[in-house]
Amino acid sequence: MRPRLPATRLNPAAAPRRAPTARLLSTAAPPSDARHLQPQQQQQLEQLIARGDLSRARHLFDEIPDPDARAYNALIRAYSWRGPAHAAGALALYAAMLRDGRSPPNKYTFPFVLKACSALLDLRAGRAIHRHAARAGLHADLFVSTALIDLYMKCARFRPANAVFRAMPARDAVAWNAMVAGYALHGMYGHALECLLRMQEGRACLRPNASTLVALLPLLAQQSALRQGKSVHAYSVRASLHDKDGVLVGTALLDMYAKCGNLLYAQRVFEAMAVRNDVTWSAIIGGFVVCGRMLEAFILFKDMLAQGLGFLSPTSVASSLRACASLADVRIGKQLHVLLAKSGLQSDLTAGNSLLSMYAKAGLIDEATTLFNDMAAKDTVSYSALVSGYVQNGMADAAFLVFRKMQVCNVEPDVATMVSLIPACAHLAALQHGKCSHGSVIVRGMAPETSICNALIDMYAKCGRIAFSRQIFDAMPSRDIVSWNTMIAGYGIHGLGKEATALFLDMKNHACEPDGVTFICLISACSHSGLVTEGKHWFHMMAQKYGITPRMEHYISMVDLLARGGFLDEAYQFIQSMPMKADVRVWGALLAACRVHKNIDLGKQVARVIQKLGPEGTGNFVLLSNIFSAAGRFDEAAEVRIIQKEKGFKKSPGCSWIEINGSLHAFIGGDRSHPRSPEIYQELHNILVDINKLGYQADTSFVLQDLEEEEKEKALLYHSEKLAIAFGILTLSEDKDIFVTKNLRVCGDCHTVIKYMSLVRRRDIIVRDANRFHHFKNGQCSCGDFW
DNA sequence: TGACACATTC
């Protein structure tokens, strides 16, 4: 019950001189049907709303003992204009209005509550309100119908939207615009254009106005339809169409130009605008970021700040943070963090997410985690940013934990989440996790998405199921260049060079032009299959026939191809003939081959070059030290390891893992932490006895340290891949393949022993090392001993 | 009474 009515309303005679107007009105109308507020209360309410002081307006409203429809409408309207954050308030007020029952919603109520439903994408509430409006006989009202169309279109319910549109007795430009904008929102180019033409024809005969263009331009931007965009621009000039001060049309135009890659025009429109607001600034800064011109984006951002903080918005900061992430400039990123904190924008979800993503991409994963934990509200983007951060920083298991947490917290993953998560399965070669992710992708209807399929192709290839990869590739509704490249690379790591080549040749049947990456994948596929002649052929064709200038990555692949194939001198010559200075990675490829082919002399020579260049990363230090060890020069090997330590490069310890019934078991060399270690070591010992009988001898040149021969043999025997395989032999039934993943390249002695293991234990053993797959069967390996 | 431009995760 509401508080008692003031005495003046019920008893006019009691206070005749104090509020004559109010008394007159309240006595003139019976309180049950046509009730009115005291005019000053209504006026005060509207003033507070106009000032944007919603909380005081609400307070005042709650004080009103007997609010009428006008008061309800004013507040509902104010809430519905404040976006999703306040839309729920509008719906709650509408519900109160219905409960109250004394002032039923009228034709001024419905458009605003429907707008609130649109903001929340609340289709259920929207349908209910549609029924209420129909009961009140107002569903064909111009404003109500337009709001209904807007709601149904935003929720992608095209049929009901069309039904409402057709049932309208008369339509104005706003109604037509709702249709155009709805189709534009969902990227339905054809439908939007058809609507646009129909509104100008025949009986309707309405000219597009500024709002039509503002709805249409983002669609053209999304389609990169520069030509149509230009003609819209021309039309707006010819028809001198612009909104009040030209901000909306101007902003939409410059955004369209930027997204179509025409920054010059975007800048011209920006310069010519008489009035700019925060959205305008965001659009121009974002435009430079989208076109990859990060430094200029920063300059614009500074220009904006130079005019005060008035234009600063979460959106412009978000774009700038993306620029920081892409330039890997944490210093500026941290400055932006401070700016956000100072200006009170840090609580904004978009800004917070950008900040989180910037830290994650920069590898500052602890900062990202802290920020994530401190965020008051988290959405799908927040979780996805963290998942992707963990995966990019090699913390695949942590990424799965975040994904689990996401599900516990009822946050729905989207395409971006899954595209980040699936590579984590690939990284761990966790087939069960991968299949699970594949399942959830199907359930959520994301399976036809190109980016999802690309991730799945890569995942199945890296988990050893190249046939699954191909199935997904063949079933894709549409493929992009990444799909082709991923599939070719998948064949490559499986040593299926012929299949890779066949797929490459098939590209032109599907009107798909190879790019630089295609050739990297193709040449390295040839390299893994020992197809040296073919690889050389494609390298030459790349420049001659396809006009692609080789990059450093192509030279790396070529050196790898030649050297791995045993043509070490030719590889050396090839490096000498390069038009650019070979970097460490090129020499590293040659060094790795020197080790495989045991060419100590050339190895030493290459090692000197690498030392001069400064061996970046861990790989070359390890190789260098291995070369010296293999030559018996342990002092020098030790020296390299000391330098490596001094420079702060940690050699990641060799680690192998195997997935049994969906759980991962990881081993490092000499590891005894596994609960079944005694059995594992016993099994390894038994295997050693068996294979010694077949003539196996440990190749101790693969041991790094200067140990006694017998010690070396032990060090070799307990390499992580051998432990993982022995565990697999013990736990998996005989019909199952043993699938082991190693973070580094498999060592030569292990390679020999695993061949023997496949023979004496009659098991198919698949090892995925850092470079490729090895399928061991009947004492043979699919890599043909070149890896 | 009504529409409408910018942005974060891949």
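These values consider heavy atoms only, across backbone and side chains, with no hydrogens, waters or symmetry-generated copies. Every chain is numbered from 1 and lettered A, B, ... according to where its sequence line falls, protein lines coming before strand lines.
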Practice task
Give A:Ser354 one of three labels, base, sugar-phosphate or nothing, depending on what nucleic acid heavy atoms sit under 4.0 Å from its own.
Solution key: sugar-phosphate
Practice task
Assign A:Asn73 to base, sugar-phosphate, or nothing according to its heavy-atom contacts below 4.0 angstrom with the strands shown.
Solution key: nothing
Exercise for the section: Answer with base, sugar-phosphate or nothing: what part of the nucleic acid does A:Trp176 contact at a heavy-atom distance below 4.0 Å? Expected result: nothing
Handout entry: A:Lys115: salt bridge (charged side-chain N to carboxylate O under 4.0 Å, His left out) partners, not counting sequence neighbours
Key = none
Exercise for the section: Check for a donor-acceptor pair, side chain of A:Asn209 on one end and backbone N or O of A:Ser211 on the other, with a separation under 3.5 Å. Expected result: yes
Practice task
Would you classify A:Val415 as touching base, sugar-phosphate or nothing, given that sugar-phosphate means primed atoms plus P, OP1 and OP2, and contacts are heavy atoms under 4.0 Å?
Solution key: nothing
Practice task
For the residue pair A:Asn454 and A:Ser483, confirm or rule out a side-chain donor-acceptor distance under 3.5 Å.
Solution key: yes
Exercise for the section: For DNA chain B, find the residues of residues 446-455 of chain A with a heavy-atom distance under 4.0 Å and give them by number; none if there aren't any. Expected result: none
Handout entry: Close approaches to DNA chain B from residues 301-327 of chain A, in residue order (heavy atom, under 4.0 Å)
Key = A:Thr315, A:Ser319, A:Arg322
Exercise for the section: Scan A:Asn209 against the nucleic acid and name what it touches under 4.0 Å (heavy atoms): base, sugar-phosphate only, or nothing. Expected result: base
Problem - Mutual orientation of the aromatic rings belonging to A:Tyr383 and A:Phe372 [parallel < 30°, tilted 30-60°, perpendicular > 60°] - result: perpendicular
Practice task
Using the six-membered ring wherever Trp is involved, compare the ring planes of A:Phe473 and A:Trp484 and label them parallel, tilted or perpendicular (cut-offs 30° and 60°).
Solution key: perpendicular
Practice task
Consider only side-chain N and O atoms of A:Asp414 and A:Thr417, and report whether a donor and an acceptor are under 3.5 Å apart.
Solution key: yes
Practice task
Using a 4.0 Å heavy-atom cut-off across all strands, classify A:Ser357 as base, sugar-phosphate, or nothing.
Solution key: sugar-phosphate
Handout entry: Charged N-O contact under 4.0 Å between A:Glu46 and A:Arg70
Key = yes
Handout entry: Test salt bridge (charged side-chain N to carboxylate O under 4.0 Å, His left out) applied to A:Arg157 - qualifying residues, sequence neighbours left out
Key = none
Exercise for the section: Select base, sugar-phosphate, or nothing to describe what A:Lys115 touches, counting heavy atoms under 4.0 Å on all strands. Expected result: sugar-phosphate
Exercise for the section: Tell me what A:Val419 touches on the nucleic acid: a base, only sugar-phosphate, or nothing, going by heavy atoms under 4.0 Å. Expected result: sugar-phosphate
Problem - Which residues share a side chain to side chain contact (heavy atoms under 4.5 Å, CB included) with A:Ala57, sequence neighbours left out - result: A:Leu45, A:Leu48, A:Ile49, A:Leu75
Exercise for the section: Determine the contact category for A:Lys259: base if any of its heavy atoms lies under 4.0 Å from a base atom, sugar-phosphate if only primed atoms, P, OP1 or OP2 are that close, otherwise nothing. Expected result: sugar-phosphate
Practice task
Measure from the ring center of A:His132 to the ring center of A:Phe110 and say whether it is less than 6.0 Å.
Solution key: no
Practice task
With heavy atoms under 4.0 Å as the rule, sort A:Asn277 into base, sugar-phosphate or nothing.
Solution key: base
Problem - A:His233 ring center within less than 6.0 Å of A:Tyr265 ring center - result: no
Practice task
Assign the ring pair A:Phe112 / A:Trp81 to parallel, tilted or perpendicular, where the plane angle (0 to 90°) is split at 30° and 60°.
Solution key: perpendicular
Handout entry: First-last contacting nucleotides on DNA chain B - partner chain A, under 4.0 angstrom, heavy atom
Key = B:dT1 to B:dC10
Exercise for the section: Would you classify A:Val247 as touching base, sugar-phosphate or nothing, given that sugar-phosphate means primed atoms plus P, OP1 and OP2, and contacts are heavy atoms under 4.0 Å? Expected result: base
Practice task
Determine the contact category for A:Phe112: base if any of its heavy atoms lies under 4.0 Å from a base atom, sugar-phosphate if only primed atoms, P, OP1 or OP2 are that close, otherwise nothing.
Solution key: sugar-phosphate
Exercise for the section: Assign A:Asp255 to base, sugar-phosphate, or nothing according to its heavy-atom contacts below 4.0 angstrom with the strands shown. Expected result: sugar-phosphate
Exercise for the section: Have a look at A:Ser388 and say if it touches a base, only the backbone sugar-phosphate, or nothing, with a 4.0 Å heavy-atom cut-off. Expected result: sugar-phosphate
